[in-house]
There are 2 protein chains.
Amino acid sequence: MSPRRSAADARETRQRILDLSLGIASAEGLEGLTIGRLAAELGMSKAGLLGHFGTKEALQLAVVDEAAAVFQREVPGRVRQAPSGLRHLRAVCEAWVSYLERNVLPGGCFFTAATAEFDGRRGPVRDALAGMNALWRRDLRIHIRRAVSFGELPPDTDVDQLIYDLLGVMLALNHFLQLERDPAAPHRARRSLDRLLGGR
Amino acid sequence: MSPRRSAADARETRQRILDLSLGIASAEGLEGLTIGRLAAELGMSKAGLLGHFGTKEALQLAVVDEAAAVFQREVPGRVRQAPSGLRHLRAVCEAWVSYLERNVLPGGCFFTAATAEFDGRRGPVRDALAGMNALWRRDLRIHIRRAVSFGELPPDTDVDQLIYDLLGVMLALNHFLQLERDPAAPHRARRSLDRLLGGR
DNA sequence: CCTACCGATCGGTAGG
DNA sequence: CCTACCGATCGGTAGG
């Protein structure tokens with residue numbers, strides 16, 4: 001009918017590109033994204049695809065944003081109703097485990113993969129990844145501080161130490177799920193979380 | 001003098017290739033290794049370089065072996081004199097922290113980077129990485145079991161859970177060192193280890 | 001170990 | 001969004 005594509009069509013195409021890119025990047029890395037491959041899998045031309053972003057680096061940055069949106073929706077977005085303090089912190093961590101357990105992305109946690117890939121480089125992509133990690137730590141910090149102020153965690157809790165340990169639990173979970181395909185890994189993650197956040 | 005290179009020369013050249021490759025791979029990934037770049041940085045031809053390995057995949061497998069040799073030398077190799085049991089386990093973990101703290105490789109832990117890069121793929125490289133991880137877990141398991149049998153760890157110690165937690169500490173250490181360049185990270189790792197293996 | 005080459009693919013652009 | 005193209009680089013080979 002209409003020979004001219006609408007802005008809504010363009011947005012939809014852009015979203016299709018990002019969805020596919022995020023899946024590929026989680027499994028094979030942000031550098032494994034190539035314009036030619038994406039275009040072929042989506043049945044469009046390289047130029048048409050690149051027109052949505054301009055450069056490969058802009059595409060990578062858009063994928064980082066998309067990954068953050070998915071994570072936001074699947075982890076903190078799922079526990080907004082949880083009561084403030086330690087219960088919220090526990091709910092967020094459980095949603096985090098569940099997110100990895102459900103294999104929302106084919107390659108596991110995008111941020112773990114991309115961070116390991118880019119932490120030795122410089123540039124906007126690395127900076128964007130570091131920024132997302134910092135935002136997430138700030139979220140965790142807020143919940144931990146509240147739990148402390150509510151008396152649900154000991155007053156001498158070392159907040160940064162707890163963030164360190166929680167991240168370690170999640171990195172190990174991703175490792176055992178992705179490399180070993182160990183179905184016991186989520187159980188281990190939950191046990192560690194119970195130990196860190198007070199069993200039960 | 002001698003127009004003909006000796007077998008010893010060839011071995012030395014091979015070692016130079018592997019040393020450079022391991023450094024690059026730790027920082028930029030095993031796929032970031034390209035024959036052309038290596039040849040240029042070493043002042044030799046691509047064909048000359050490739051002659052030592054045959055294919056890029058064979059080079060990648062050789063780099064995995066080289067990484068294992070370095071790790072073996074720098075971690076378990078440094079604590080061979082430590083007494084058996086919990087003290088040995090603690091010494092190994094301390095050597096592990098120290099290995100990352102000293103930045104033996106420019107990009108941090110090669111296995112962390114390479115595992116995150118290849119865990120979503122198939123093939124010999126992924127298998128080799130999984131095998132190295134399994135060997136290392138076996139080492140840890142032996143030390144943990146001894147510590148339990150010596151009565152230095154509780155008799156109901158969940159060995160696989162402890163291995164999971166120890167790996168999490170190291171993955172978090174690598175993350176905070178490489179992405180955040182956080183100088184407090186080794187201290188946090190040691191605190192977590194003390195908590196897992198009994199303080200002091 | 002080298003030179004000289006191969007086909008394929010990379011990111012990106014011109015022009016429509 | 002397309003076709004048609006660019007120079008650069010990829011892994012690898014032939015032949016010495």
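The structure displayed is predicted, hence computed values, not measured ones.
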Item to check | For atom CZ of R16(A) and atom C1' of dC1(D), their distance in whole Å | outcome: 13 Å

Checklist entry - To the nearest Å, how far apart are E31(A) CD and dT9(C) P? => result 18 Å

Checklist entry - With a 4.0 Å cut-off on heavy atoms, is L33(A) in touch with a base, just the backbone sugar-phosphate, or nothing at all? => result sugar-phosphate

Checklist entry - Given dG11(C), is OP1 or OP2 found less than 4.0 Å from the side-chain N or O atoms of T55(A)? => result no

Checklist entry - In whole angstroms, how far is the C1' atom of dC1(C) from the CD1 atom of I17(B)? => result 11 Å

Checklist outcome for this item: Of the candidates dG12(C), dG12(D), dC1(C), the side chain of K46(A) sits closest to dG12(C)

Item to check | M44(B) side chain, from C-beta outward: closest of dC2(C), dC10(D), dC1(D) | outcome: dC2(C)

Checklist outcome for this item: The nucleotide from dC2(C), dG11(D), dA14(C) with an atom nearest the side chain of A47(B) is dC2(C)

Item to check | Any side-chain donor near an acceptor of the partner, S192(A) and Q161(B), under 3.5 Å | outcome: yes

Next on the checklist: Aromatic contact between W136(B) and F111(B), with the criterion being ring centroids under 6.0 Å apart: yes or no?
Outcome noted: no

Checklist outcome for this item: Among the nucleotides dC2(C), dT3(D), dG11(C), whichever has the atom closest to the side chain of S45(A) is dT3(D)

Item to check | Gap between atoms CD1 and P, on I35(B) and dG11(D) respectively (whole Å) | outcome: 5 Å

Next on the checklist: Distance check needed: dT9(C) C1' versus L38(A) CG, whole Å only.
Outcome noted: 14 Å

Checklist entry - Are any of the side-chain nitrogens in R78(A) or E74(A) under 4.0 Å away from the carboxylate oxygens of its partner? => result yes

Next on the checklist: Please determine whether a side-chain nitrogen of the Lys or Arg among E152(B) and R90(B) lies less than 4.0 Å from a carboxylate oxygen of the Asp or Glu.
Outcome noted: no

Next on the checklist: At 4.0 Å (heavy atoms only), tell me whether T34(A) reaches a base, stays on the sugar-phosphate, or touches nothing.
Outcome noted: sugar-phosphate

Checklist entry - Can you say whether the rings of Y164(A) and F176(B) are parallel (under 30°), tilted (30 to 60°) or perpendicular (over 60°)? => result parallel

Checklist outcome for this item: Against the side chain of L50(B), the closest entry in dC1(C), dG12(D), dT13(C) is dG12(D)

Checklist entry - F53(B) CZ to dG11(D) P: how many Å, rounded? => result 14 Å

Checklist outcome for this item: For dC2(C), the nucleotide meeting Watson-Crick or G-U wobble distances (both under 3.5 Å) is dG15(D)

Checklist outcome for this item: Rounded to whole Å, the CG-P distance (L49(A) to dT9(C)) equals 17 Å

Item to check | Touch class at under 4.0 angstrom, heavy-atom based, for L59(B) against every strand present | outcome: nothing

Checklist outcome for this item: pair_partner(dT9(D)), Watson-Crick or wobble, both distances < 3.5 Å, evaluates to dA8(C)

Next on the checklist: Just to be sure I understand the rule, does G36(B) reach a base, reach only the sugar-phosphate, or reach nothing, if contact means heavy atoms closer than 4.0 Å?
Outcome noted: sugar-phosphate

